[in-house]
Every structure is written in structure tokens, then in C-alpha cells.
Asker: 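Quick one: this structure, given as C-alpha cells, is what I'll be asking you about.
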Amino acid sequence: MPAEQGGAESSTRSGVPLPLQLPAPDTQVSYDAEYARMEAWLDENPEFTQDYFIRKATRQVVDAWLVNHATPGAEISSPTYNSGACSSRGGSGATTPVRKISAHEFERGGLLKPIVNTIDGTPTFLSVGCQNDGAASGSTALQANVSGGGGGWGRPQRLSRNELKLLDEKELIFELVKDICNELDVRSLCHKILQNVSILLNADRGSLFLVQGRTNACQNGPKKCLVSKLFDVCPRSTLEEMEQQEEVRVAWGTGIAGHVAESGEPVNIPDAYQDERFNREIDLQTGYRTRALLCMPIKDATGDVVGVAQVINKLNGDSFTENDEKVFIRYLQFCGIGLRNAQLYEKSQLEIKRNQVLLDLARMIFEEQSTIEYLLLRILTHMQSLIQCQRVQILLVHEASKGTFSRVFDFEPNDLSDDDSQTRTSPYESRFPINVGITGFVAMTGETVNIPNAYEDHRFDPSADEGINFKHKSILCMAIKNSLGQIIGVIQLVNKFNDLIFTKNDENFVEAFAIFCGMGIHNTHMYEKAVVAMAKQSVTLEVLSYHVAASIDDAVRLRRLKVPSAAFFKLHDFRFDDIHMEDNDTLLASLRMFYDLSLVDRFNIDTEVLCRWLLSVKKNYRHVIYHNWRHAFNVTQMMFAILTTTQWWKIFGDIECLALVIACLCHDLDHRGTNNSFQIKASSPLAQLYSTSTMEHHHFDHCLLILNSPGNQILSNLSSDDYSKVIRVLEDAILSTDLAVYFRKRGPFLNAVKPNSMNTWLADDTRSLLRAMSMTVCDLSAITKPWEIEKRVADLVSSEFFEQGDMERQELNLTPIDIMDREKEDQLPMMQVGFIDTICLPIYEAFAVLSPKLEPLVEGVRNNKEQWLKLAQSCNRKANNVRHNSISSMTTYNNNHINNRPPTRRSMSNVSSSLINRDSCLRTPKIVGKMNCCISAAAPVPAANCTEKLNGTANTKMLVESSQHCNHQVTDQWTD
């Protein structure tokens, strides 16, 4: 082991670790003899030199010193931050990242400085250039010193050795403690401790060992030992000189230092050669003669040994005394606390650096996930750089078979020297044999495999090395999992550099990195699937747009037909009925509405395109009971009648009128006969696609699909601004047909309604409310029609509702709401009355206030309400009659039992008949009477449970009796 020689010291050795030469270390500067003598004197008086520098040096001198003494880093470009990486594909990602730290450095506890580099405000372990790197590091060091954490720059300078000798023992210890109390760098602290101990004990030199490794057998990691890079330090040694020495390791319990660390007791040896624990080989190598030796444990505040300090040979040739031991112990008490603080600080800085490394790796993975090949290239490159091994492989697990691999990617350091390394976007595949024994085991079990010697593990297949100039030695293999914990791949690292083995620290790094890799690979797979799905969707939309569009021949035939007048179709009449119209008539009437509103001329709409668009819209309505093309046509007619009768087209303008007519024709496109609630209950794809106004959003999107289909682009001649406005109004209008939106907007609308105040609706926000309410008025317009039309439409609506209720009951196993429950059909009249009162009347009355010409709509609603009330009363009268007949029949049957006479077939028939012939309006179960049940022995009837009531179905009715006397509540509700 190297040790300092005794005798005269080199003129370059200084007692203070502060290089003062401003020129770079490799710069040769010639001075005359006088300057040479001055420089020699400064070298011999470092205390004066430092004091002069502190007092006289300018900021420019300090900056020049920092620049000239900056340590250049390795100049290897980063795949993430190289000069060509400004764009997402500025480089291939194949170049090795600059390693300001490798995984191996975290094991040595040798952190010198915290990370200081930032790129775009983000801390990173990657370098951006040696000049900036050095300047940043130097600046950080300077700031640390100024703040009191460095070598005395922020506090009074250290006293010289001669000045310290003049102090008494207490003052000397106090001065030396002050010198180390603010030092947080472990190596610098150890160096100061040794120098101060040598001064304190008048010793020639000393060494300091720190405890490393696990403290007990239950912990993972290397065994406990003593480690030192500061061996044989003399008072004039510099930290830079000590850094050049190789690390010294002493096994726990061996040698003098090992014994002191294990026992925790000091050792004072007058003659080292007389102690068998002393290792004489060091003296033989260095030529230095060790005589007296004092070795002491350094303990922290809890009493644990954190290090061992030893001093050698007093300068006067004497042995170390008991007083020296006491002084040594007192000083080392402070040193133990300082060492523990410095180690905790070092660990915190190390953890910060570890987190920054992982965050930077995660940033590298997630910043671009376009293809799996490019992502894996970046992962392989950075993994090899971090762990420093000869080969890295990533094997993707086959989805169908867990133990096999679909693709294998590999990387070696010399891959970066290839000519195409800068343009490469994917790693090499399947270049090397796969060690299926180990990788397959990891893929199946998910366990981590760390093998120091591959050939000593039975899972390794030696044939993998046959025929190639490569031999497996150490192997680290670990599973890559996605966010669900499923194994999607395996990462394998082979042969760590310098014949080292993979340590627990390497496992921790790879495990943490593998988590990010798993998420990155999973996300990239999802992205690739999404790209494929989008491509399929584009193809599907292209096919659908072809099939949803009507044929050109049909459009030509429609264009050639004569379009009758609006008066012929009675399009201005609020009592309009389409019952006698053919489908062609509805199309011609739709054309007439476009013509009479001047939309064709105003927006230069091609007539043939308009005909084809109308045919396509009609074609895309499903054949459901109510929400079909005829409903859309009737809604459009009502909008046309309102616009022309009230002259509101002047308020809305041509663009909004065009959007409203298109919205009315398309507001229920592709309706499935079920409402939004059903889509949500059934978790349909539409409900997953649209969270609110599910069907309305679908209607709007389908409307856009047709409008953008070739041959159906009726808006193609609009300017971009007009087109945007039409689409915006169109979307708002279609979404307004959702009653949930209606309730949200009705309050503000009703507050704005005032007689003779049409100027209020000229503003954009109020006009938007008027458009939304107009869509609702037209959508519900059947309630304003004559009773015959209203009753017919109501039957269609209820039939469609009942079908949805049946599906909810049968497919979803849910009880439908009353309005969709076929078993509560008798309540329909009163439910219709409630619908009119809560939804219809308020909005139609408000419209009548805005325009007296809309009063017929309100009158129609009120007339229909009276009709529904009459129907409800009629149902109630019939219900009362049926109940009365049922009770009479039951009473007759009961009297027969009292007289011990079984009922005749006719009496039973009368009971059943009265129940079967009840009016269809009666479905609500109500208690209508009681009966006494008994049975005679002469006419036995099969016994039944006493709790059973009238039992039967629509086809068969029978009276159930019990075998004993009891009272039954008789209801008009059949139960199974």
C-alpha cells in the first residue's frame, strides 16, 4: 500500500488543499528567477497565500480559476440531449448518454458533489458540455464554501500549525472541532480529522477507516469491513494527493484496525513489530518504519462504531501516552458526530442523485413512444450505459405462450461505432443465441436471477457460447411487467465490466428502471394498437360513407319530380298531418321548405346534391316505431311553420335558419328506439363514447358524417366562417333536443320572456336560448295537434317506450320506470297529463307570449290535456265498476261456503268472467274486499297456502282456497 515517505516534502505539497495557479495545469509559464523565488516562498507559506487570495482576489480571478480547474467530463453525446435532439427524432437515440454517475458508483459511497446540471430547468445526470459542466460544478462548490460547508472560505481561515502549537490543550481541541463542525463532505472531513489528529498528538501521520457493509447477517449486501482512501496522511498532505491512492479494505476483525472496530476498544502499541496483528508488508512496500501506533474507534452519538482512526510515530520518537489517549478520545467524540452527519448528508445526496437518474431515465422513455423498436433502442442504450456491461437484451414475451418470446432485441457498446449509429431507429434483433433456460425461467416465474458465474448454474445452456467469440460470465435477468403486473418481457444483462459481478444495487436500479420500461412498452403497444384502430376506423368510415349515401340515380329521379307548393302540402298549418303522404311526398315537401326559406339560392346549394342529401338522411333513419324519418319530417315542418308564421327568420338570419332546418331533419339520425338512460344502463359503446347527451351527440356526429360524404356536401359552397357558424349552431340545436339540456336552459329563457320584446333576442346569448327552445317546441309538437293526431302519436311513443321497458326487464334484469312499464299501461293518461303540465305547457305559453300567432299551439296543448283527463276519468269509472262486480261475485262465493254448499261451475265462471273483463286501464293493485275461506269434506279442493291470493294469468283464472278457515285480502292484481 502506498504511504508517504518521511523527510523533506516536495515544494508543491501544501498544508491547505487550495490550488492557486490560474493557468491550466498543463500550461507551461516561464518566469524570471525573482518570480520563481517568490513562487517558492508562497508554496512554503500557504497560510499567507490563502489569506492574500481571500483579501485580494477579484471575481474575475475566481472565475478564471474555476474555468481552468474545471474537470472535463467524458464527451459522449446523449440520445436525449444531444445537439441534434431538439426534435423528437433529432437523433437516432443510439448514442450512449453521458454518465455523470453509473450504478457502480452508488455502491462505493463515494459521492463527491450533488447534481447541479439542469436542462430546460430540469435537473439531470446528463452533461451538456464540459465547459458548462465544470463551471456549474465549480460555482456550486464555491457557493457551498461561502455558505460554510467547504474548506473555510465562509469563516476565518484555519490557524497555521505554528499558531496551533501555541494554544493549550482545551483551546487546541476547540479550534480543531471548529475546523470540522461545518464540513459535510466525507473525504474532506476525514482528511481534516487526520491532519488535526496529527497536530493534536504531534504524530507523523495517520489513517482513517470507515465502516461499510451490512451490520448483520439478515441484511443484503457486502459483508462488513473497513474501507479507507486516506491512508498514511501527514499534516502536509493534500486531499488531491490522497485521492490518487487506491482504496484500502480491511476485513472485519482482522489486523489492528479490524480488531479495534470489532471490539470498540482502543489499542496503544509502543512497538508495532512486537504485535502479531501488525502487517509488516506495508512497511516493506513503502520503506517507512512504523514504531509507535495508537488506534481508536470513532463512535457516533448512539455508541456505534462508524470508523477507526490510527496515528503512527510521534515526531519526538516517544510512544503515545495515556494523556494522548485521553486527548484522542475527546477529539474523536466530536469527529464521530461529524462523520455521522457527513454520512447522512452523503446518503441524502446519493438518494437525490439516484432519483434524478431514474427520473431522467423515465423522461427518456416517455418522451417518445411512437414505435416499440425506437423505444427499446433508447432503453437498451441507457441501460448499458447505466449498468456498464458487455451485452443487454430485451425479450418480449409472446402473448399466447408465456414461456416463449415473440421478439428479441440486443445491444452492445460497439454498436455505437457503426456508421449508421446516428440514423438508427431500431436495435439489432436476434443476433445472439437465446439462453432459454434462464430467460424462460424469469418469464414464467417473474423472479430475478443474479448469477456470478453462468457456468455454475444448471439453468444456463453452455451451447449459447458455442461458435461465437463470447463467453457468459455474470448474468442479471429480470422480468418487465406492465401496470397490471403482467409479465410482458425480460431484460438480461451479461458480463459486467472489469469482471465485476452484478450487485444488489444493480438489481435495485434495474428493477426500478424495468418498471418504467414496462409502462413504456405497454403504452407503446397501446399506441400502436390505437394507430391500427384509427386506420381501421378510417377505412370503416370510408365504407360507411359510401353505403349510407343514397345513389345518384335516386337523387336524379327526385330532382326531376315537380315540387308542389307549400300551400299544397299545408306546410304553414300548425295542424299539419302527414298520415296520407307518401315518402316521396315528404322529400318533396322538404325541398319546398328549403326553396321557400331561400336557402338554396342564398347558399348556392346544388339541387341534385340537396336531393341526394335528403335521400341519405332518410336512409339513415332506422325503422323504429316512433323516432324515424316521419318524426324528423314533422319536426321540420313545425319549425318551418313557426319561422314563416312569426317571421322569426328575420331574427335568426339565413345561416341560423339553414342550421335549424338541417338540425330538425337530422336531430334523431340513427335512433335505436332507446333513450340515453338505456344506453348508460346497458354500457353500450355509445355511452362509453359520449358521457352526456349520449344519443344527441351520436345524432350530431352522424349528421356530420353525411354532410361530409361525397355527393352530399350541401355546405360546400359556404365560406369557412359561415361553415363554422352553421356547424356550431347545428350542434347546439341537436344537443338541445335532450330534455336534460332543455331543463337547464328553460329557467333563463322563461326569465327573458316578456310581451312585445323581440329586440331582446337579437343578442347572441338570448338568441341561442330561443333556438334551443324552438327545437324543443318542434320536437314535442305532436302534443299541439288535434286529438286524433295526438292520440295516434302517443300510441306510437308508448309502444316504443314499452319495447324499451321489455328489454330492460329481460336483458338487463331491471324494473323499468312507470312510463315504460307495460304493466302500468292504465296509468298512461295521468302520466300524459303530468308530462303536459311539467314540460309542455310552460314552454308553449312562453312562446305564445313572444308571438300571439303561436296561440294555436297553446290551445292545442290545453285541448289535449282535457282529452287525457277525460280518458283518465273514464278508466277510473270502469275500474270502480270492475271492483264492484268482483266484490259481489266474491260475496256470493263466500255465502255458498257458509251454507256448506260448494260453488257451482257457473258461480266460479262468473267470478273469473268479472275479473277477465276488467278494463285495460286497471292494473294498479288495490285491496277491494275480504273473503272467508273454508272447504267441505264433500267437495275437496287441493290445499293451498293461506297467504296466496287470486292467482292466474291472462288466459287462465282460478280461485285459490285454503284448507282451513281464514280471511284473504282480495286484490285486483294477479300474482304468480
Side-chain angles (χ1 to χ4, degrees), residues 2-71 134 138 141-142 145-146 150-167 171-172 175-176 178-180 183 187-188 191-206 230 232-245 288 313-316:
E4 292 291 325
Q5 300 290 336
E9 301 295 329
S10 170
S11 62
T12 60
R13 177 171 294 169
S14 170
V16 180
L18 177 66
L20 297 177
Q21 302 97 319
L22 286 180
D26 57 349
T27 304
Q28 299 295 328
V29 181
S30 299
Y31 296 115
D32 58 23
E34 182 64 25
Y35 284 116
R37 285 193 296 274
M38 290 174 58
E39 183 177 359
W41 186 88
L42 290 174
D43 290 339
E44 294 173 359
N45 297 272
E47 294 86 359
F48 172 82
T49 306
Q50 178 174 318
D51 177 68
Y52 181 82
F53 185 82
I54 293 174
R55 290 185 291 105
K56 298 291 186 178
T58 63
R59 177 62 181 269
Q60 290 77 9
V61 173
V62 174
D63 290 343
W65 185 90
L66 290 173
V67 170
N68 279 274
H69 286 76
T71 303
L142 179 62
N145 287 331
V146 171
W153 285 55
R155 55 185 172 83
Q157 67 182 77
R158 299 173 64 188
L159 298 179
S160 67
R161 187 163 185 169
N162 292 329
E163 291 173 325
L164 291 173
K165 289 179 179 179
L166 299 177
L167 302 176
E171 292 176 338
L172 178 59
E175 194 67 32
L176 297 182
K178 283 198 306 180
D179 189 40
I180 66 170
E183 185 62 65
R187 284 195 176 92
S188 178
H191 186 262
K192 284 186 176 182
I193 289 174
L194 290 176
Q195 285 190 324
N196 293 343
V197 164
S198 299
I199 295 172
L200 191 62
L201 301 180
N202 197 28
D204 184 48
R205 62 197 57 209
L230 299 176
D232 278 0
V233 176
C234 69
R236 290 167 296 278
S237 301
T238 65
L239 182 60
E240 288 77 4
E241 292 172 341
M242 294 296 100
E243 289 287 348
Q244 305 302 318
Q245 296 180 356
Y288 182 81
N313 294 352
K314 295 198 71 167
L315 292 178
N316 57 12

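Heavy-atom basis, side chains included; hydrogens, waters and symmetry copies ignored.
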Asker: So how far is it from Leu42 CG to Tyr35 OH, rounded to the nearest 0.5 Å?
Answerer: 12.5 Å
Asker: What's the spacing between Asn202 CG and Asn313 CG if we round to 0.5 Å?
Answerer: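 If I round to the nearest 0.5 Å, the distance is 11.5 Å.
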Asker: Enter the distance from Asp43:CG to Met38:CE here, rounded to the nearest 0.5 Å.
Answerer: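 Here the interatomic distance stands at 12.0 Å.
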Asker: Can a donor-acceptor pair be found between the side chains of Tyr288 and Asp204 at a distance below 3.5 Å?
Answerer: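 Indeed, the side chains of Tyr288 and Asp204 share at least one donor-acceptor pair under 3.5 Å.
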Asker: Taking all atoms of both residues into account, what is the closest heavy-atom pair of Val233 and Ser198, and its distance?
Answerer: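 Scanning both residues completely, I find the closest heavy atoms to be O-OG, 4.2 Å.
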Asker: Rounded to the nearest 0.5 Å, what separates atom NZ in Lys56 from atom CG in Asp51?
Answerer: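 Here the interatomic distance stands at 10.0 Å.
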